Amino acid sequence: MNKIGFACKWIDRPDQVNGIKASDDCKKYNTGTTTVAWLSRQTKKTAEAKLLSIVKQNLEATRKLVQKVGTLNESLRMVRISSDLLPVYTHPDWNYFYQQSDVLGLLERNFNTIGHIARDRGIRLSFHPGQFCVLASDRPDVVENSIAEFEYHADMARWMGYGKTFQDMKINVHISGKLGTAGFRAVYNRLSDVAKNCITIENEENTYGLDECLDIADLCPIVLDIHHHYIKTGEYISSDDPRIEKVISSWRGVIPVFHYSVSREDILSNHDINDKPDLILLLESGLNKQKLRAHSDFMWNNAVNDWALSHLSWGDCMVEAKGKNLASFKLFEYWKRFDV
DNA sequence: GAGGGTCAAGTCCGT
DNA sequence: ACGGACTTGACCCTC
């Protein structure tokens with residue numbers, strides 16, 4: 001039975017898509033952060049105390065989140081861990097903080113525990129470095145920063161006991177960058193073994209789509225984002241499409257992951273929930289791709305859900321929605337609605 | 001607590 | 001040129 005997962009955050013109520021308040025109980029499952037500007041305004045001692053406090057809380061929150069996910073139905077045991085876990089880890093002024101032996105010890109112990117829980121409970125974990133990780137940039141300084149950013153995630157994977165074998169955990173990025181697949185290929189060779197075992201690439205809505213990803217499927221697995229593909233091409237790709245065979249091969253026997261999101265419900269508020277939106281018609285009606293890219297709170301369209309769920313035949317589904325775990329739960333209920 | 005200004009970093013699209 | 005979208009709006013400060 002394949003899985004339906006969610007990304008980075010746990011919420012208890014739908015209204016929390018608009019932000020989690022300090023007094024909300026679900027705060028304990030979610031990471032916090034600070035800013036470089038604030039840290040730089042403090043004394044070194046104050047800044048370090050703040051960082052240590054945030055790191056401890058974030059490790060605790062992530063452990064609780066993973067434990068919580070471990071209590072769900074097996075088909076829901078899949079979660080992306082927030083990149084905010086260790087704030088300013090790759091910032092030149094602050095990365096020294098994480099190289100101190102006492103901090104390092106703290107990280108190793110806590111991540112080790114999280115990794116054990118995940119393996120024990122059959123939880124599929126992943127990371128998704130943010131938009132600043134542009135491995136194929138044409139700017140050398142950006143490439144260097146991006147490698148550091150990627151290796152930050154690889155460090156966390158390694159501390160959790162992952163990165164030992166091909167795709168025991170995924171760290172997913174876009175190709176991005178003007179150097180495209182050639183640039184990506186060149187940078188790939190500079191990554192650590194853990195990073196190489198974990199890296200996957202995801203098709204984008206604008207520049208690098210499924211075809212470009214397939215060009216480097218020999219290097220690393222492809223995470224097919226079926227909504228990105230729809231926004232780029234207008235196509236609701238079928239689960240028996242020959243390109244999907246190639247995506248599956250890129251995972252070399254590991255169950256692939258695909259991403260599923262849908263256009264915002266308030267953009268398409270008049271749309272029939274039992275009818276898949278036609279991209280051409282939407283564009284003709286005056287909507288633009290940028291608006292259609294934005295993620296919904298929930299997976300509100302039954303017809304689109306039916307299509308997305310058909311892809312569970314070959315992969316695990318990562319739901320990208322503002323409604324987070326609540327959105328993945330509702331989709332799961334929809335999926336299981338005919339079961340006794 | 002609420003509200004407004006601020007926040008490390010890249011890239012693209014639409015206006 | 002600038003705002004908004006993406007990974008994931010949250011944090012910080014003032015009232």
Side-chain angles (χ1 to χ4, degrees), chain A residues 5-11 16-24 27 29-42 46-47 50-51 53-54 57-58 61-62 65 79-95 126-150 152-153 170-180 183 200 202-209 223 225 227-228 231-232 259 261 263-264 267 283 286-297 318-325 327:
Chain A
F6 65 97
C8 304
K9 269 184 199 148
W10 181 279
I11 60 174
Q16 287 165 331
V17 301
N18 298 317
I20 298 164
K21 295 198 173 68
S23 55
D24 287 347
K27 195 90 176 159
Y29 299 117
N30 295 303
T31 58
T33 189
T34 184
T35 62
V36 170
W38 186 86
L39 289 172
S40 65
R41 287 195 294 265
Q42 316 304 313
T46 306
K50 172 78 166 183
L51 268 180
S53 152
I54 292 174
Q57 281 184 50
N58 286 354
T62 303
L65 175 67
V79 63
R80 178 187 301 166
I81 297 176
S82 168
S83 297
D84 274 347
L85 219 163
L86 306 179
V88 299
Y89 187 89
T90 59
H91 191 283
D93 292 345
W94 299 102
N95 59 355
S126 63
F127 285 121
H128 196 346
Q131 66 269 47
F132 306 112
C133 189
V134 186
L135 293 170
S137 176
D138 55 338
R139 292 169 46 192
D141 56 322
V142 172
V143 173
E144 295 310 310
N145 292 343
S146 298
I147 291 173
E149 183 68 12
F150 197 90
Y152 153 52
H153 293 82
K170 89 174 155 75
I171 306 177
N172 179 54
V173 289
H174 300 280
I175 296 177
S176 291
K178 290 204 170 60
L179 298 187
T200 61
E202 175 185 349
N203 58 304
E204 305 157 24
E205 307 97 317
N206 296 324
T207 313
Y208 302 107
V223 170
D225 188 311
H227 184 246
H228 288 173
I231 294 293
K232 190 166 197 298
H259 287 184
S261 54
S263 301
R264 284 201 61 76
I267 300 284
L283 295 175
L287 288 166
N288 60 46
K289 286 196 178 188
Q290 192 173 2
K291 283 220 169 89
L292 293 167
R293 283 175 73 187
H295 290 168
S296 65
D297 289 349
M318 173 57 76
V319 172
E320 296 184 321
K322 307 284 183 197
K324 302 296 166 195
N325 56 306

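Not measured: the values here are computed from a predicted model. Here is the naming used below: chain letters follow the sequence lines, and residue numbers restart at 1 for every chain.
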(request) Any chance you could measure A:Ile171, atom CD1, to A:Ser126, atom OG, to the nearest 0.5 Å? (result) 9.5 Å

(message) So which atom in A:Thr31 and which in A:Asn58 form the shortest heavy-atom distance, rounded to 0.1 Å?
(response) CA-OD1, 3.2 Å

(message) If I take atom CD in residue A:Glu202 and atom C1' in nucleotide C:dT7, what distance separates them, rounded to the nearest angstrom?
(response) 9 Å

(request) Using only heavy-atom distances, decide whether a donor-acceptor pair under 3.5 angstrom links the side-chain of A:Gln290 to the base of C:dG4. (result) yes

(request) Give the rounded distance in Å between these two atoms: CD1 of A:Ile267 and P of C:dC6. (result) 10 Å

(message) Rounding to an integer number of angstrom, what distance separates B:dC7 and C:dG3 when you compare their P atoms?
(response) 15 Å

(request) Write down the distance separating the P atoms in C:dA10 and B:dG10, rounded off to the nearest Å. (result) 22 Å

(request) Starting at atom NZ of A:Lys291, determine the distance to atom P of B:dG14, rounded to an integer number of angstrom. (result) 11 Å

(message) Counting only side-chain nitrogens and oxygens, does A:Asn288 get under 4.0 Å of the OP1 or OP2 atom of C:dA5?
(response) no

(request) Starting at atom CG of A:Asn206, determine the distance to atom C1' of C:dC6, rounded to an integer number of angstrom. (result) 10 Å

(request) Compute both the distance and the angle, then confirm whether A:Lys50 meets the cation-pi test with A:Trp38: under 6.0 Å from the six-membered ring centre, within 45 degrees of the axis. (result) yes

(message) Would you call the rings of A:Phe6 and A:Trp10 parallel, tilted or perpendicular, taking 30° and 60° as the class edges?
(response) perpendicular

(message) What is the distance, to the nearest angstrom, from the NZ atom on A:Lys232 to the P atom on B:dC13?
(response) 10 Å

(request) Starting at atom CG of A:Asp141, determine the distance to atom C1' of B:dA8, rounded to an integer number of angstrom. (result) 13 Å

(message) OP1 or OP2 of B:dC12 versus the side-chain N and O atoms of A:Ser176: is any pair under 4.0 Å?
(response) no

(request) For atom NZ of A:Lys289, decide whether the heavy atoms of other residues, nucleotides or ligands shown that lie under 6.0 angstrom number more than 12. (result) yes

(request) Report yes or no: does A:Ser146 contribute a side-chain atom to a donor-acceptor pair with the main-chain N or O of A:Val134 at less than 3.5 Å? (result) yes

(request) State the CG-OG1 distance between A:Asn145 and A:Thr90, to the nearest 0.5 angstrom. (result) 7.5 Å

(request) Determine the Euclidean distance between corresponding P atoms of B:dA8 and C:dC13; express it in Å to zero decimal places. (result) 12 Å

(message) Once hydrogens and angles are ignored, does a donor-acceptor distance under 3.5 Å link the base of B:dT11 to the side chain of A:Gln131?
(response) no

(request) Without swapping roles, check the side chain of A:Lys324 against the backbone of A:Val17 for a donor-acceptor pair under 3.5 Å. (result) no

(message) When you measure from the side chain of A:Tyr152 to the backbone of A:Ser83, do you find a donor-acceptor pair of N or O atoms at a distance under 3.5 Å?
(response) yes

(request) Let me know the distance between NE2 of A:His228 and C1' of B:dC13, rounded to the nearest Å. (result) 14 Å

(request) May I ask you to verify if any side-chain N or O of A:His174 is less than 4.0 angstrom from the OP1 or OP2 atom of C:dT7? (result) yes

(request) Before accepting this row, confirm whether a basic side-chain N of the pair A:Lys232/A:Glu205 lies closer than 4.0 Å to the acidic partner's carboxylate O. (result) no

(request) Take nucleotides 8-15 of chain C nucleotide by nucleotide from the 5' end and write B, S or -, depending on whether a protein heavy atom sits under 4.0 Å from the base, only from the sugar-phosphate, or from neither. (result) BSSSSS--

(message) If the cut-off is 4.0 Å, is A:Arg293 near the phosphate of B:dC13, judged by side-chain N/O to OP1 or OP2?
(response) no

(message) Using atom P in both nucleotides, what's the gap between C:dG9 and C:dG4 to the nearest angstrom?
(response) 14 Å

(message) Please pick, from B:dA9, B:dA2, B:dG14, the nucleotide with the shortest atom-to-atom distance to any side-chain atom of A:Lys21.
(response) B:dA2

(message) Given A:His259, which partner from the list A:Glu202, A:His128, A:His227, A:His228 fulfils the side chain to side chain donor-acceptor pair (under 3.5 Å) test?
(response) A:Glu202

(request) Take atom CG of A:Asn30 and atom P of C:dT7, then tell me their distance rounded to the nearest Å. (result) 18 Å

(request) Classify the nucleic acid contact of A:Ser23 as base, sugar-phosphate or nothing, counting any heavy atom under 4.0 Å across all strands shown. (result) nothing

(request) Using a 90° cut-off around 0 for syn, call C:dT8 syn or anti. (result) anti

(message) Does the structure show A:Phe132 stacking with B:dG10, if we require the centres to be closer than 5.5 Å and the planes to be within less than 30 degrees of parallel?
(response) no

(message) Let's test your reading of the pairing rules: Watson-Crick or G-U wobble, both distances under 3.5 Å, then write DNA chain C as a dot-bracket string with ( ), [ ], | and dots.
(response) ||||||..|||||||

(request) For C:dC6 and B:dT6, measure between their P atoms and round to the nearest Å. (result) 24 Å

